[in-house]
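Sequence lines set the chain letters: A, B, ... in the order given, protein chains first and strands last, and positions in each chain run from 1.
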There are 2 protein chains.
Amino acid sequence: MFEVLFSHLLEKILLTEEEKEIIKIFFIPKKLRKRQYLLQAGDVCKYLCFVGKGLLRSYNVDDKGEEHMNMFAWEGWWTSDMYSFFTGEKAIINIDALEDTELLMITQQAFEEMTLKVPKMDRYFRILFQNSLFTKERRLISSNTHTAEEKYINLVESNPALVKRVPQNLIASYLGLAPETLSRIKKNIAQRK
Amino acid sequence: MFEVLFSHLLEKILLTEEEKEIIKIFFIPKKLRKRQYLLQAGDVCKYLCFVGKGLLRSYNVDDKGEEHMNMFAWEGWWTSDMYSFFTGEKAIINIDALEDTELLMITQQAFEEMTLKVPKMDRYFRILFQNSLFTKERRLISSNTHTAEEKYINLVESNPALVKRVPQNLIASYLGLAPETLSRIKKNIAQRK
DNA sequence: GTAGTGGCTTGACCTGGATCAATTGTATTT
DNA sequence: AAATACAATTGATCCAGGTCAAGCCACTAC
């Protein structure tokens, strides 16, 4: 489990064996079965989670009971309701497992302590957040600028693995589309070839 | 100028006088007149900029020549094309001044050096990026979940100062709406009262 | 096997918001 | 103060994508 974590940390920072040992202490391993919840809206999000294996989805539910996908996380990704995790407010998103999943979880206090004991972790997360930030920036631009079909094509090009691994109705929701619309888009694209 | 910067840094981290002096060295002050560009799409974004005074907008232009607002930055905010700044790729966004503006700018190399000399700055930017990340997360959720009117009402409630300070057509664009649509929404809201 | 459950497709219809065009403010410039 | 240019409103029309409904195709469970 920890090998996966460290291989990701080492892409961005250098760590001594000693530091690795310190870091290990703060994490709690956990396994989730397919369909099992990691977080339910209304609860406080207690953990920031690193996915070692498997696939999670996070989504929120609106007043009408509709689900809206907001991100996926698999091997090497972090997930949580960031807002809830860092502020202690109630979460507005749900996270559950699309596949059997293995996690490393860390609490807010442990996170604080870890960054103080190993300041390099501030650097790691600075780079990590900075990267997600510009990904989100681009995604937001794309969602305002492009048509439904363009968004789908962009996604297939920028992240083909995701499209293969995740059910189509969730991809549709992730793109802000009705499942019927995505189905029609795929048909159109196929026919044009 | 630097007082504004330090007052913002000190909200998140503690700095010695010595560290402050080091940090100062890396920044370049700059003034912009209203309508002047800070960054044009196609150029590489050389600077990460802290706004000490004034107001900037960042937006991108699509294939059809339409402008799409993506964020505003005023006193105490940072702005840049994050992706371009950190990767050295060409920028896809434009940034220009909506009001006369005073900035503190830092290059990529200077940024790297600064974080190595003052590791607390990694912490500062970790927290900063983490906060923007969950703001963007919420905004993305909102943009997929809500109707045009709900988005506008949310914005007015969450950021009334922005709505007062920025021309209405830019607010419309920021929300992904046609200016006519926002005008009608405001009319509807006013009539219902 | 077959019953059930949930994802995917297809068709018919509807609607929120975009687009186009004209009119009226309201700043800025000379 | 007139001229110019841009911002906001209003009306009329249009369309991308949503909604509703029906049928189909896996899979899993018994």
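Side-chain rings of B/Phe85 and A/Phe134 stay apart, their centers remaining 6.0 Å or farther from each other. B/Phe125 and B/Phe111 have their aromatic ring centers within a separation under 6.0 angstrom.
Distance A/Met69 CE to C/dG7 P: 13 Å, rounded to the nearest Å. Rounded to an integer number of Å, the gap from CD1 of B/Ile171 to P of D/dT9 is 13 Å. When the P atom of D/dT10 is taken as reference, atom CD of B/Gln168 falls 11 Å away, rounded to whole Å. A/Lys186 has its NZ atom 11 Å from the C1' atom of C/dG7, to the nearest Å. Here the C1' atom of nucleotide C/dG7 and the CZ atom of A/Arg35 are 11 Å apart, to the nearest Å. Separating the CD1 atom of B/Ile185 from the C1' atom of C/dG16 is a distance of 10 Å, rounded to the nearest angstrom.
Among C/dT28, C/dT9, D/dA8, the nucleotide with an atom closest to any side-chain atom of A/Ser183 is C/dT9.
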Please lay out, stage by stage, how B/Arg165 and B/Glu75 fare under the test salt bridge (charged side-chain N to carboxylate O under 4.0 Å, His left out). CA-CA 13 Å; B/Arg165 191 158 170 186; B/Glu75 295 79 16; 3.1 Å; yes
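Considering only side-chain N and O atoms, A/Lys187 lies under 4.0 angstrom from the phosphate OP1 or OP2 of C/dG11. Put simply, A/Asn169 has a side-chain N or O that comes within less than 4.0 Å of OP1 or OP2 on C/dC8.
A salt bridge is defined here as a Lys NZ or Arg NE, NH1 or NH2 lying under 4.0 Å from an Asp or Glu carboxylate O, and B/Glu112 with A/Arg123 meets this definition. With respect to the salt-bridge test (charged N to carboxylate O, under 4.0 angstrom), the residues B/Asp81 and A/Arg138 qualify.
Taking only distance into account, the side chain of B/Arg184 never meets the base of C/dG16 through a donor-acceptor pair shorter than 3.5 Å.
Within a 6.0 Å sphere centred on NZ of B/Lys34, heavy atoms belonging to other residues, nucleotides or ligands number 12 at most. The 12-atom threshold is not exceeded at NZ of A/Lys53, counting heavy atoms of other residues, nucleotides or ligands nearer than 6.0 Å. At most 12 non-hydrogen atoms from other residues, nucleotides or ligands lie less than 6.0 angstrom from NZ of B/Lys30. Heavy-atom neighbours of A/Trp78 CH2 from other residues, nucleotides or ligands within 6.0 Å: above the threshold of 12.
DNA chain C lies under 4.0 Å from at least one heavy atom of each of the following residues of residues 141-152 of chain B: B/Thr147, B/Ala148. Listed by residue number, A/Gly176, A/Leu177, A/Ala178, A/Glu180, A/Thr181 are the residues of residues 172-182 of chain A with a heavy-atom contact under 4.0 Å to DNA chain D.
For the pair B/Arg57 and B/Tyr174, the cation does not sit on the ring face, since its NZ or CZ is not both under 6.0 Å from the ring centre and inside 45° of the axis.
Side-chain atoms of A/Glu3 come within 3.5 Å of backbone N or O of A/Met1 as a donor-acceptor pair.
Each end of the helix from C/dG1-D/dC30 to C/dT30-D/dA1 yields a helix axis from five base pairs, and these two axes differ in direction by 50° (to the nearest 10 degrees).
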